[in-house]
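Atoms within each ligand, like the ligands themselves, are counted from 1 in listed order.
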Amino acid sequence: MISLRNIDKRYGGVAALNQVNLEIARGELVVLIGPSGCGKSTLLRTVNRMTEPDGGQIIIDGKNALASDPVLLRRSIGYVIQNVGLFPHLTVRENVAVVPHLLGWDKAKRLQRADEMLALVRLDPARFGGRYPGQLSGGQQQRVGIARALAADPQLLLMDEPFSAVDPITREQLQEELLRIQRDVRKTILFVTHDIDEAIRLADKICLLRDGAVVQYADPDTMLRHPANEFVARFFGQEPVLKRLARYSVADFVRIDAASVAAASAAVAAGADSVPLHAGARAALSKLLGGLPLLAVTDTTGAIAGLVTLVDLTLAESPAARDELAA
Ligand SMILES: Nc1ncnc2c1ncn2[C@@H]1O[C@H](COP(=O)(O)OP(=O)(O)OP(=O)(O)O)[C@@H](O)[C@H]1O
Ligand SMILES: [Mg+2]
């Protein structure tokens, strides 16, 4: 889908990007991470040519992006940034319809599309469509930003720290929403963050940059288990097992055999705690570390679906590892 080849960008004497090579497959969510100033935003912006690289090639869907019209290129790529950049004098619905407008869609079609996108990001169009951005919370504005980026149905989405201005709970919800949307509509997404947990949770692949160069490009599990060098290991920190859990939900570990369901039911009847299937594995671990022998797991209807134990979560720290253990 995207090939970045030998991308260079210098500012004065400093290399913001130094021979960056990156292949991103269609439908993949790739997270760019690394210390402040390492070139994440610069790299993202070279893809839609808001920043022109000094050297290298950018191939998008087989086409040389550096040879295409930058304005048309930008319209074909969704872009979401930290403080959203919504137009304050346009309503939410009009904001979402901006790119379809630029692309010349007729009014009825683009407003209908805007409402579909608002619904996709779980903002009721009837309630929010006619409001102005200043009348929304920060998290709601971020949702509008995502709806706007998706409105013209781009195959490629660039997101630069889109969730870093919101509180941790809203941030987690937005992450969950993004994963859900990604399951629904499957875009190719290049996502910048400086938050390690966010990277591990969202990424199909992580690209760790340092001083404008790629240090390691791998899926999160590989990155945590097999850091390419000391810098990668230090960057991801002390608790790789715990960090890996950020990728998983209780559903990945639940025991659903009849005996487990019976044991969970008995435990709940005796007052034991429970977690929903879609809860994060780390939240379950945290409860279990409080001293519980097991946690009952409930499905979306609230019915008991099974149980999860400390051993399930820690010994088999990931479903892949569990499969290895079972083999
Ligand atoms: N327009 C510019 N003029 C001069 N230098 C720039 C410009 N834009 C970026 N730089 C420099 O290029 C380097 C990479 O910047 P970039 O914004 O890509 O970093 P980043 O990884 O996104 O950092 P952060 O995590 O702080 O957002 C930095 O040293 C920065 O100072
Ligand atoms: Mg940046």
Side-chain angles (χ1 to χ4, degrees), residues 2-24 29-58 60 65-66 70-71 73-74 77-86 138 141-142 145-146 148-149 156-168 171 174-175 178 188-218 220 223 227-237 243 246:
I2 313 179
S3 265
L4 303 176
R5 299 183 191 153
N6 306 316
I7 302 294
D8 279 323
K9 179 69 190 179
R10 302 183 77 74
Y11 288 112
V14 183
L17 296 173
N18 185 4
Q19 293 287 304
V20 171
N21 284 288
L22 206 58
E23 296 286 329
I24 299 162
L29 195 163
V30 169
V31 170
L32 302 175
I33 198 168
S36 185
C38 69
K40 303 180 292 293
S41 298
T42 304
L43 183 59
L44 197 74
R45 293 162 59 93
T46 60
V47 175
N48 67 1
R49 292 179 62 192
M50 289 171 63
T51 297
E52 292 286 348
D54 296 329
Q57 282 187 302
I58 299 174
I60 301 178
L66 296 176
V71 174
L73 180 75
R74 249 164 257 151
I77 297 175
Y79 187 53
V80 188
I81 53 174
Q82 182 173 336
N83 284 310
V84 203
L86 299 177
Q141 290 182 34
Q142 282 303 340
I146 295 171
R148 184 176 63 178
L156 174 59
L157 216 55
L158 307 176
M159 307 180 84
D160 195 346
E161 306 208 28
F163 305 151
S164 52
V166 297
D167 66 88
R171 185 172 190 149
L174 288 168
Q175 291 166 356
L178 180 66
T188 306
I189 301 178
L190 208 49
F191 186 108
V192 170
T193 184
H194 57 256
D195 183 294
I196 291 171
D197 289 327
E198 183 164 87
I200 292 169
R201 180 154 189 223
L202 297 180
D204 294 313
K205 281 193 188 142
I206 297 177
C207 174
L208 176 59
L209 294 164
R210 181 191 199 184
D211 298 335
V214 176
V215 184
Q216 188 169 4
Y217 182 41
M223 204 84 145
N229 59 33
E230 193 51 35
F231 172 76
V232 181
R234 262 191 294 120
F235 186 85
F236 285 99
K243 294 218 162 77

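The nearest N, O or S atom of Ser36 is not closer to the Mg ion (ligand 2) than 2.8 Å.
Taking the side chain as every heavy atom from C-beta outward, Val30 and Tyr217 approach each other to under 4.5 Å. Using a 4.5 Å heavy-atom threshold, the side chains of Arg201 and Asp197 count as separate. Between Tyr79 and Leu44, the closest side-chain pair of non-hydrogen atoms falls below 4.5 Å.
When Thr51, Thr42, Val14, Ile33 are ranked by how near their heavy atoms come to atom 18 (O) of ligand 1, first place goes to Thr42.
When only interatomic distances are considered, the shortest N/O to N/O separation between Gly34 and ligand 1 does not fall below 3.5 Å.
Shown in contact with Ala16 at under 4.0 Å from a heavy atom are these atoms of ligand 1, numbered in order with element: 12 (O), 13 (C).
Separation of atoms CD (Glu23) and OG (Ser3) is listed at 3.0 Å; rounding is to 0.5 Å. The distance from atom OG1 of Thr188 to atom CD1 of Ile24, rounded to the nearest 0.5 Å, is 8.0 Å.
The protein atom (non-hydrogen) at minimum distance from atom 1 (N) of ligand 1 is Tyr11 CE2, 3.6 Å. Nearest protein heavy-atom contact of atom 25 (O) of ligand 1 is Lys40 NZ, 2.7 Å. Nearest protein neighbour of atom 26 (O) of ligand 1, counting heavy atoms only, is Ser36 OG, 2.5 Å. Ranking the protein heavy atoms by distance from atom 17 (O) of ligand 1 puts Ser41 CB, 3.8 Å first. The protein heavy-atom contact nearest to atom 14 (C) of ligand 1 is Gly37 O, 3.3 Å. In terms of protein heavy atoms, atom 27 (O) of ligand 1 is closest to Glu161 OE2, 3.8 Å.
Listed for the Arg74 side chain is a donor-acceptor partner under 3.5 Å among the backbone atoms of Arg49.
Phe191 pairs with exactly one of Leu29, Leu158, Val80, Leu157 by the side-chain contact (heavy atoms from CB on, under 4.5 Å) rule, that one being Leu29.
Heavy atoms only, all atoms of each residue included: Ala233 and Pro227 are closest at N-CB, 3.7 Å.
Within a 4.0 Å radius of atom 30 (C) of ligand 1, the protein contributes no non-hydrogen atoms. Checking atom 5 (N) of ligand 1 against the protein gives a heavy-atom contact under 4.0 Å.
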